There are 2 protein chains.
Amino acid sequence: MQRAFDDEIQILEAHLKLQGLNRSSRRDLVVFTFLSSNKHLSVDDLYALVRRKSPAIGRTTVYRTLKLLENAGLAQALALKGETRFEHVLNRRHHDHFICNGCGAIFEFSSDEIEALQEEEARRIGFRIDGHKHQIFGQCGKCLGSGGGAR
Amino acid sequence: MQRAFDDEIQILEAHLKLQGLNRSSRRDLVVFTFLSSNKHLSVDDLYALVRRKSPAIGRTTVYRTLKLLENAGLAQALALKGETRFEHVLNRRHHDHFICNGCGAIFEFSSDEIEALQEEEARRIGFRIDGHKHQIFGQCGKCLGSGGGAR
DNA sequence: CTTCATGCAAATACTTTGCAAGGGC
DNA sequence: GCCCTTGCAAAGTATTTGCATGAAG
């Protein structure tokens, strides 16, 4: 089931080695579960998924593994209101998020033009961009259609 | 000292009336202190500022007033990592933030072109934009100059 | 005098950390 | 055997809520 996450695993192993850490079956389970999902998972989302496969795992391990992935550059935390969600970051260009206030759905998009404009602006103020988080809130088509538009 | 915040107060009063709430000296103090600052304040920042003028105020009141301002559409919360900061929102167009990972400084900018591109993208997926938060992380010129660039 | 405002303390959430036990090399 | 990994419980933070008191209309 765990498709080709070779690139991710390679990066993870390099990071682990660098830190004098190891892989483990539980660590792997959390990692693969995370990588297998294409959603933006909260800690508890991931915890629940992982628990289905291995109920003995503790929430702490999920927290720790997610932090590990973050440090390895494989996951990025999105600080939403009230909760933190994580998304993959490997081989993905900077991208932005549309977040529906109605149903919570998250749509991604990326625009070279926006990226370029950001860079231009950054250059103007002498800022070096390392990353960005761009969240656009509103109502998705589905919610607009089902009365959300009258909100 | 509290310059012309007429617009803000008008909106606030409308919101209060709508909710059956009132102004009060403490509420006002928090509100004016918030409005007088041009920074992106955390709850504790504002709490500290307010305390200087009136040490008897409780942290709870600051939380509550900030939430009030948020609901009235006068303040917007930025969910930074580990802390929430608030900024003014009245009469301000959507704008973006450069956040320095080195010194924590926040620079604002706004770009009509980026706004337009967002709208275009939103239209494409049938999304109605209500607001957005755009945070660009990196190193500011000052931090780059003082060795931060070698990070 | 009824309702709102407020501080304090308690209650929640979310996340991290200490520690003892288990596992991998 | 040594060090890393992990679960549990405890400790931290950040924020909200319950409640009794005080203020406002």
Side-chain angles (χ1 to χ4, degrees), chain A residues 9 12-34 40-72 75-86 104, chain B residues 9 12-34 40-72 75-86 104:
Chain A
I9 295 308
L12 178 62
E13 292 211 308
H15 180 75
L16 290 173
K17 174 171 286 182
L18 205 61
Q19 310 284 310
L21 306 177
N22 309 311
R23 288 174 67 177
S24 77
S25 61
R26 300 193 166 182
R27 200 110 93 187
D28 275 5
L29 176 59
V30 177
V31 169
F32 283 121
T33 304
F34 175 73
H40 296 75
L41 300 172
S42 68
V43 173
D44 271 2
D45 290 339
L46 184 54
Y47 179 56
L49 286 175
V50 158
R51 280 224 137 187
R52 278 196 222 151
K53 305 184 197 162
S54 178
I57 284 188
R59 189 179 256 99
T60 308
T61 298
V62 177
Y63 271 103
R64 288 195 269 229
T65 305
L66 239 12
K67 177 148 295 185
L68 190 66
L69 287 168
E70 199 177 5
N71 291 336
Q76 180 168 83
L78 303 188
L80 274 321
K81 169 147 201 164
E83 69 179 345
T84 302
R85 293 191 181 201
F86 292 82
Chain B
I9 295 308
L12 179 62
E13 292 211 308
H15 180 75
L16 289 173
K17 174 171 286 183
L18 205 62
Q19 310 285 309
L21 306 177
N22 308 311
R23 289 175 65 177
S24 76
S25 61
R26 298 191 169 184
R27 200 108 94 186
D28 276 5
L29 176 57
V30 177
V31 169
F32 284 122
T33 304
F34 176 73
H40 296 75
L41 299 173
S42 67
V43 174
D44 271 3
D45 290 339
L46 184 53
Y47 178 56
L49 287 176
V50 158
R51 280 225 135 188
R52 276 196 223 152
K53 304 183 196 163
S54 177
I57 284 189
R59 187 179 256 99
T60 308
T61 297
V62 178
Y63 271 102
R64 290 196 268 230
T65 306
L66 239 11
K67 178 149 294 181
L68 191 66
L69 287 168
E70 198 177 5
N71 292 335
Q76 180 170 81
L78 303 188
L80 272 324
K81 169 147 202 164
E83 67 177 345
T84 303
R85 292 193 184 200
F86 293 81

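Each chain gets a letter, A, B and so on, in the order the sequences are listed, and its residues count up from 1. Please read these numbers as outputs of a predicted model, since none were measured by experiment.
- Map A/L16 and B/K67 each onto its nearest nucleotide of DNA chain D; the residue landing nearer the 5' end is A/L16.
- Between A/L66 atom CG and C/dT15 atom C1' the separation is 12 Å, expressed in whole Å.
- Between the NE2 atom in A/H15 and the CD atom in A/E70 there is a gap of 10.5 Å [rounded to 0.5 Å].
- Here the P atom of nucleotide D/dA24 and the CG atom of B/L21 are 16 Å apart, to the nearest Å.
- For B/R59 and D/dT13, the CZ to C1' distance is 11 Å, given to the nearest whole Å.
- Rounded to an integer number of Å, the gap from CD of B/E83 to C1' of D/dT13 is 12 Å.
- Proximity note for A/N22 (side chain, C-beta onward) versus C/dT17, D/dC4, C/dC8: the nearest is D/dC4.
- Using a 4.0 Å heavy-atom criterion, one finds that A/S25 contacts no nucleic acid atom at all.
- For B/T84, the side-chain atoms get nearest to D/dT15 when compared with the rest of C/dT6, D/dT6, D/dT15.
- Minimum atom distance to the side chain of B/T60 is reached by C/dC8, of the listed C/dC8, D/dC8, C/dC4.
- One interatomic measurement links the two molecules: NZ of A/K17 to P of D/dC3, which rounds to 19 Å at whole-angstrom precision.
- Between the P atom of D/dC8 and the OH atom of A/Y47 lies a distance of 7 Å, rounded to the nearest Å.
- The side chain of A/Y63 places no N or O atom within less than 4.0 Å of a non-bridging phosphate oxygen (OP1 or OP2) of C/dT16.
- The CG atom of B/D45 sits 6.0 Å away from the CZ atom of B/R85 when rounded to the nearest 0.5 Å.
- Remark: P of D/dT16 and CG of B/N71 are 11 Å apart, rounded to the nearest angstrom.
- OP1 or OP2 of D/dT6 lies within a sub-4.0 Å distance of a side-chain N or O belonging to A/S24.
- Rounded to a whole Å, the CZ atom of B/R64 is 11 Å from the P atom of C/dC8.
- Here B/R26 lies in heavy-atom contact (under 4.0 Å) with sugar-phosphate atoms only.
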